[in-house]
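Scroll down for the structure; my scribbles are underneath it.
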Amino acid sequence: MRLISTKTKSINRSFKEALMEGMPIDNGLFVPAELPLLPLAFTSTLEQYSFQELGLFISQAFLGDEIGTNELEQIIKESLDFPIHISTLDESTHVLELYHGPSFAFKDVGARFMARCMAHFNTHENRDLHILVATSGDTGGAVAMGFDQVPGIQVTLLYPSGKVSPLQEKQLTTQGNNIHALEVEGTFDDCQYLVKHAFLDQTLRRSIRISSANSINIARLIPQTFYYWEAYKQIKQQGDQFVFSVPSGNLGNLTAGLMAQRMGLPAHHFVAASNANEVFPKYLQTGQFKPMPSKETLSNAMDVGNPSNFARIAHLYGSTWNIVKEHMDGYRFSDAETKAVMRETYARYKYIFEPHGAIGYMGWRTYQKANPETTGIILETAHPAKFKETIDAVLNTNIPLPKGLQNLLSKEKRSIKIKADYEALKEHLLSLK
């Protein structure tokens, strides 16, 4: 597979090169020069594949022979060692639970695959690789666990101070070893800006090797296509017009679904469900993409005012708004609506949605009103217990913590607080040389 920049097609890289560079030098994003089209025989016989076998087949279509079959099979085996489960609420409404991995968030799939690919390619390097991650919540925890004690790799997580849940912060700041947490006095957009600035600093890049584990890195998106196929496999007999409703912030999860569709996934439509940070829904309505300062909400992982993966979506459809509109609709919902639907679904189904999944549910129901013949698959991206304080207050309950989260409570937070200033980040990175 060859990858090009969304800005400059002449920037052409192998998977290894794009993985290790993270981001092109022109401030674009790497995208496949051509997406592989999976054979119809694969789609029609999905039931014969385990999730790991499915992931291996798709990753081989992307990577070709860049990673040997035995090595890639081991990467997949270690990365996808947890279930992808679907809960059915009613005959037309299904929930794709992506939180059964070690960090209890959907980003385990991408982070664990990426970490093992990087370790594979990094074996013979004599300098550490520095991974930079901007996180609004769940990415950091998944990356921290995925890269923990990986030889030759240092990880720096940047997160907005006071804008992640207490358990998310524990996941970010208690891993230790080769994982370093920077608590940024600002927003997620500030964190993302600092990371992108580092990639454009050629002086820094000559001094240290850097890459990213955010969804700006194409290696995060490739494995995220796997669970769209897995979802279709599990319920393909229950309808013929499947709509994926995706809680949308930085648009990486949505982009992976759109890539899967272009590869042959029988997805009828997509819904981009957003909170008050409605840049993408407004684009879908008006054709104008206008970034804005992010707003703080209950669904903090979606508090993104300038979603970077918009560039990939635009590239996928040739920046043609009318074609983009054919494939998806976008809706925005307030915190008040989020709380109300959390109560409603708990009373109606005894199902607990955390805030991001609740927004995905509202996106599906809004679309379904005008399209009653469709079947919805809502992406639930994090375990409800990661938002225990919010859920207990909204539902007047006391949800138990899984053991993996309960163990975090006694751990000591270790972070370095910095201003949203690039020189502070640069100084930190150079200190790790």
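- Open room surrounds CD on Glu91; 12 or fewer heavy atoms of other groups in view lie less than 6.0 Å from it.
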For residues 142-150, which side-chain donor-acceptor pairs fall under 3.5 Å, sequence neighbours excluded?
{"unit_1": "Asp148", "atom_1": "OD1", "unit_2": "Asn177", "atom_2": "ND2", "d": "3.1"}
{"unit_1": "Asp148", "atom_1": "OD2", "unit_2": "Gln175", "atom_2": "NE2", "d": "3.3"}

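- Proximity of Ile222 to Met1: side-chain heavy atoms (C-beta onward) are separated by under 4.5 Å at one or more points.
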Apply the test ring pair (Phe, Tyr, Trp, His ring centres under 6.0 Å) to residues Tyr283 and Phe310: give CA-CA distance (whole Å), side-chain angles for both, the deciding distance (0.1 Å), then the verdict.
CA-CA 10 Å; Tyr283 162 77; Phe310 174 77; 4.8 Å; yes
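- Aromatic pair Phe242/Tyr232: ring centres closer than 6.0 Å.
- With values rounded to the nearest 0.5 angstrom, Asp108 atom CG is found 5.0 Å from Phe82 atom CZ.
- With no hydrogens or angles considered, a side-chain donor-acceptor pair links Asn300 and Gln168 at under 3.5 Å.
- More than 12 heavy atoms of other residues, nucleotides or ligands lie within 6.0 Å of CG in Leu409, so this atom counts as buried by the packing criterion.
- Between Phe244 and Tyr228, the distance separating the two ring centers is shorter than 6.0 angstrom.
- In Lys282, the NZ atom is not crowded: 12 or fewer heavy atoms of neighbouring residues, nucleotides or ligands sit closer than 6.0 Å.
- A 4.5 Å side-chain heavy-atom check between Asn250 and Gln192 finds at least one atom pair inside the cut-off.
- Cation-pi geometry between Arg262 and Tyr317 is met: the NZ or CZ atom falls under 6.0 Å from the ring centre, inside 45° of the normal.
- The number of heavy-atom neighbours closer than 6.0 Å to NZ of Lys16, taken from other residues, nucleotides and ligands shown, is 12 or below.
- With sequence neighbours excluded, the residues forming a salt bridge (charged side-chain N to carboxylate O under 4.0 Å, His left out) with Arg116 are Glu78, listed by chain and number.
- The aromatic rings of Phe333 and Tyr331 sit tilted, their planes meeting at an angle between 30° and 60°.
- The six-membered or imidazole ring of Phe353 lies near that of Tyr361, with a centre-to-centre distance under 6.0 Å.
- Side chain to side chain, Lys107 and Asn253 fail the donor-acceptor criterion of an N or O pair below 3.5 Å.
- Around CG of Asn396, the count of heavy atoms belonging to other residues, nucleotides or ligands within 6.0 Å does not exceed 12.
- Ring centers of Tyr367 and His269: under 6.0 Å apart, within the cut-off.
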For Asp240 and Lys236: C-alpha separation, side-chain torsions, deciding distance, then whether salt bridge (charged side-chain N to carboxylate O under 4.0 Å, His left out) applies.
CA-CA 7 Å; Asp240 58 5; Lys236 61 184 290 190; over 6 Å; no
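- The environment of Glu47 atom CD is dense: over 12 non-hydrogen atoms of other residues, nucleotides or ligands sit within 6.0 angstrom.
- The existence of a salt bridge linking Lys413 and Glu183 is confirmed by a sub-4.0 Å separation between a basic side-chain nitrogen and an acidic carboxylate oxygen.
- Remark: Arg13 engages Glu21 in a salt bridge, criterion side-chain N to carboxylate O under 4.0 Å.
- Side chain to side chain, Ser92 and Asp90 meet the donor-acceptor criterion of an N or O pair below 3.5 Å.
- In this model, no donor atom of one side chain and acceptor atom of the other lie less than 3.5 Å apart for Gln241 and Thr375.
- Partners of Lys163 under the salt bridge (charged side-chain N to carboxylate O under 4.0 Å, His left out) rule, at least two apart in sequence or in another chain, do not exist in this structure.
- Taking the six-membered ring for Trp and thresholds of 30 and 60 degrees, Tyr49 and Phe42 have ring planes more than 60 degrees apart, a perpendicular arrangement.
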